[in-house]
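The next block holds one structure in the form of structure tokens; read it before the comments.
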Amino acid sequence: MQSGFRAGHGCTSATLKVLNDILTAIDKKHYCAAVFIDLAKAFDSVNHHILIGRLGSLGFSNDCLAWFTNYFSDRVQCVKSEGLLSGPLAVSMGVPQGSILGPTLFSVYINEVALAAGESLIHLYADDTILYTSGPSLDTVLTTLQASFNSIQLSFRGLQLLLNTSKTKCMLFNRSLPVPTRLSNITTLDGSDLEYVDNYKYLGVWLDCKLSFQTHIKHLQSKVKSRIGFLFRNKASFTHAAKHTLVKLTILPILDFGDVIYKIASNTLLNKLDAVYHSAIRFVTKAPYTTHHCDLYALVGWPSLHTRRQTHWLHVIYKTLLGKVPPYLSSLVTIASPTCSTRSSRYISLVTPKTNYFFGRLSFQFSAANDWNELQKSLKLETLISLTSFKHQLSEQLTDYCTCT
């Protein structure tokens, strides 16, 4: 049971944890089913009296509770359209959207919902909730998921939060196990059947039932191509420096977000991202279409997408060792205790868990340990250093070398 909110890196940590659990289940030849829960106007439906009670149970002083009570009181909202401003309307519910405190207060409000998950796993990230379970029997998995979903719905009702049935979806993650033509329905307390989907956008990343990330990469391609097209159509308006900056600020963030998650996609899919990346570099450098990609990287001074992904991935692993990620992620790695005194035993290494099949080797707990130990063959860290120092040393290790023939 996990909850929490932190923009950017928090999304990545949450998705890595969920993905790790699903891959581990698939590696055991288990079925894994999930419900992606969507709430209707979640942030606007927070009951202030219940929230103050939640804060009180966490040990906030009376003065703090009085401050929050005042913070929620006497708020109004209005609408401005075509220069006309509506009259003020009192706001008696919800957390102030756009505020720094809003997401945190909402997380406090729903945190105890996780206690109702029962035998299933749940991850709460602001108003994004995934409920999932796994096991060797599909019937048992769906029965357990239904029971947990019922309990979760009751908890949300107690908080006066309404389920958005049309946007709440089910997914069965499966790579090789037999699946009946018609799955047993997961239903709401009102008797509505949830729709089974093959793709769902969770915390900015499209997950598909095969965990191929084909849908996600297709969306990335489309988004990047659209922006590159705009830049090419208006290239006469930009100086060389402006082109460099525009690509760096508008294209690279799209490719970087979630890259440590979708990096497990096949090379065939990842190569499609290389193609749009090369187009972006050609926009900056005016290099001909026939220019080799290794020459493109040299012209613009940027690494390949593979190196970018590997750099970001190793940053995540090291942040895990430093305790700079949520506990639910850091708990998945264990520093090995040397069994004998050798030269290599002085270096920090991680315990690599056993896996049964290919899917287990894609999980965070395996791949993080395996990739870290591989890095240590050259990095040879004996003690933990600062994140800044690690990034500097890593940049010297990860250099693009042309291996093309």
Side-chain angles (χ1 to χ4, degrees), residues 6-17 19-20 205 244 247-249 251-265 267 270 273-274 277-278 280-281 293-294 296-327 329-336 338 343-353 361-404:
R6 187 181 175 192
H9 297 301
C11 290
T12 300
S13 297
T15 309
L16 281 174
K17 172 61 169 67
L19 187 61
N20 177 83
V205 176
H244 189 284
V247 170
K248 195 170 184 178
L249 295 180
I251 304 297
L252 295 187
I254 297 174
L255 297 170
D256 288 346
F257 180 80
D259 60 354
V260 298
I261 298 166
Y262 69 76
K263 74 180 185 66
I264 67 174
N267 288 333
L270 293 175
L273 295 183
D274 288 337
Y277 182 51
H278 298 160
I281 297 177
H293 58 263
C294 293
L296 288 176
Y297 304 149
L299 285 171
V300 79
W302 294 340
S304 65
L305 286 184
H306 171 77
T307 299
R308 292 181 72 88
R309 287 191 296 268
Q310 191 66 4
T311 300
H312 299 154
W313 170 241
L314 292 169
H315 287 173
V316 170
I317 297 173
Y318 196 69
K319 287 177 183 178
T320 303
L321 296 179
L322 293 177
K324 293 182 177 293
V325 299
L329 200 61
S330 59
S331 65
L332 297 177
V333 299
T334 304
I335 296 179
R343 188 173 183 179
S344 61
S345 68
R346 300 198 308 265
Y347 309 140
I348 301 171
S349 62
L350 301 179
V351 176
T352 305
R361 294 192 288 273
L362 297 178
S363 67
F364 177 84
Q365 59 192 67
F366 179 90
S367 56
N370 185 71
D371 292 350
W372 172 261
N373 292 342
E374 188 65 28
L375 175 68
Q376 277 289 67
K377 291 179 180 179
S378 55
L379 195 61
K380 299 180 179 180
L381 282 184
E382 297 183 22
T383 58
L384 294 176
I385 58 179
S386 70
L387 182 59
T388 301
S389 297
F390 172 76
K391 288 181 176 180
H392 176 70
Q393 291 193 30
L394 182 63
S395 66
E396 297 176 346
Q397 297 284 331
L398 299 182
T399 304
D400 279 314
Y401 297 101
C402 182
T403 57
C404 306

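Just the heavy atoms: all of them, side chains too, but no hydrogens, waters or symmetry mates, feed the values below. Keep in mind that what you see is a predicted model, and the values were worked out from it rather than measured. The residues of the chain are indexed from 1 along the displayed sequence.
The structure places CD1 of Ile281 at 9.5 Å from NE2 of His244, a figure rounded to the nearest 0.5 Å. Note: Gln397 CD to Phe390 CZ = 9.0 Å, rounded to the nearest 0.5 Å. Rounded to the nearest 0.5 angstrom, Arg309 CZ and Thr307 OG1 are separated by 9.0 Å. To the nearest 0.5 Å, atoms CD1 (Ile335) and CG (Leu384) are separated by 5.5 Å. One finds the CG atom of Leu255 at 9.5 Å from the CG atom of Asp274 (value rounded to the nearest 0.5 Å). Atoms CG and NZ, on Leu321 and Lys319 in that order, are 12.5 Å from each other to the nearest 0.5 Å.
Relative orientation of the Trp313 and Phe364 rings is perpendicular, given thresholds of 30° and 60° on the angle between their planes. Aromatic ring orientation, His278 versus Tyr297: tilted (interplanar angle from 30° to 60°).
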Could you walk me through whether Tyr318 and Leu381 pass the side-chain contact (heavy atoms from CB on, under 4.5 Å) test, one step at a time? CA-CA 11 Å; Tyr318 196 69; Leu381 282 184; 4.0 Å; yes

Check the pair His315, Val260 against side-chain contact (heavy atoms from CB on, under 4.5 Å), reporting the backbone distance first and the verdict last. CA-CA 10 Å; His315 287 173; Val260 298; over 6 Å; no

What's the verdict on side-chain contact (heavy atoms from CB on, under 4.5 Å) for Leu332 and Leu16, showing C-alpha distance, side-chain angles and the deciding distance? CA-CA 11 Å; Leu332 297 177; Leu16 281 174; over 6 Å; no

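Listed here is the closest heavy atom pair of Leu270 and Lys263: CD1-O, 3.7 Å. Shortest non-hydrogen contact noted between Glu382 and Tyr347 is CG-CD2, 3.7 Å. Scanning both residues, Lys380 and Lys377, for their nearest heavy atoms gives CE-O, 3.2 Å. The heavy-atom pair separating Pro353 from Gln365 by the smallest distance is CD-O, 3.5 Å. Of all heavy-atom pairs spanning Asp371 and Leu314, the tightest one is O-CD2, 4.3 Å. Considering every non-hydrogen atom in both Val316 and Val325, the closest pair reads O-CG1, 4.4 Å.
Partners of Thr383 according to the side chain to side chain donor-acceptor pair (under 3.5 Å) rule, which considers only residues two or more places apart in sequence or in another chain, do not exist here.
Pairs passing the salt bridge (Lys or Arg N to Asp or Glu O under 4.0 Å) check and including a residue from residues 251-260, sequence neighbours excluded, read Asp256-Arg308.
Between the side chains of Gln310 and His306, not a single donor N or O lies within less than 3.5 Å of an accepting N or O.
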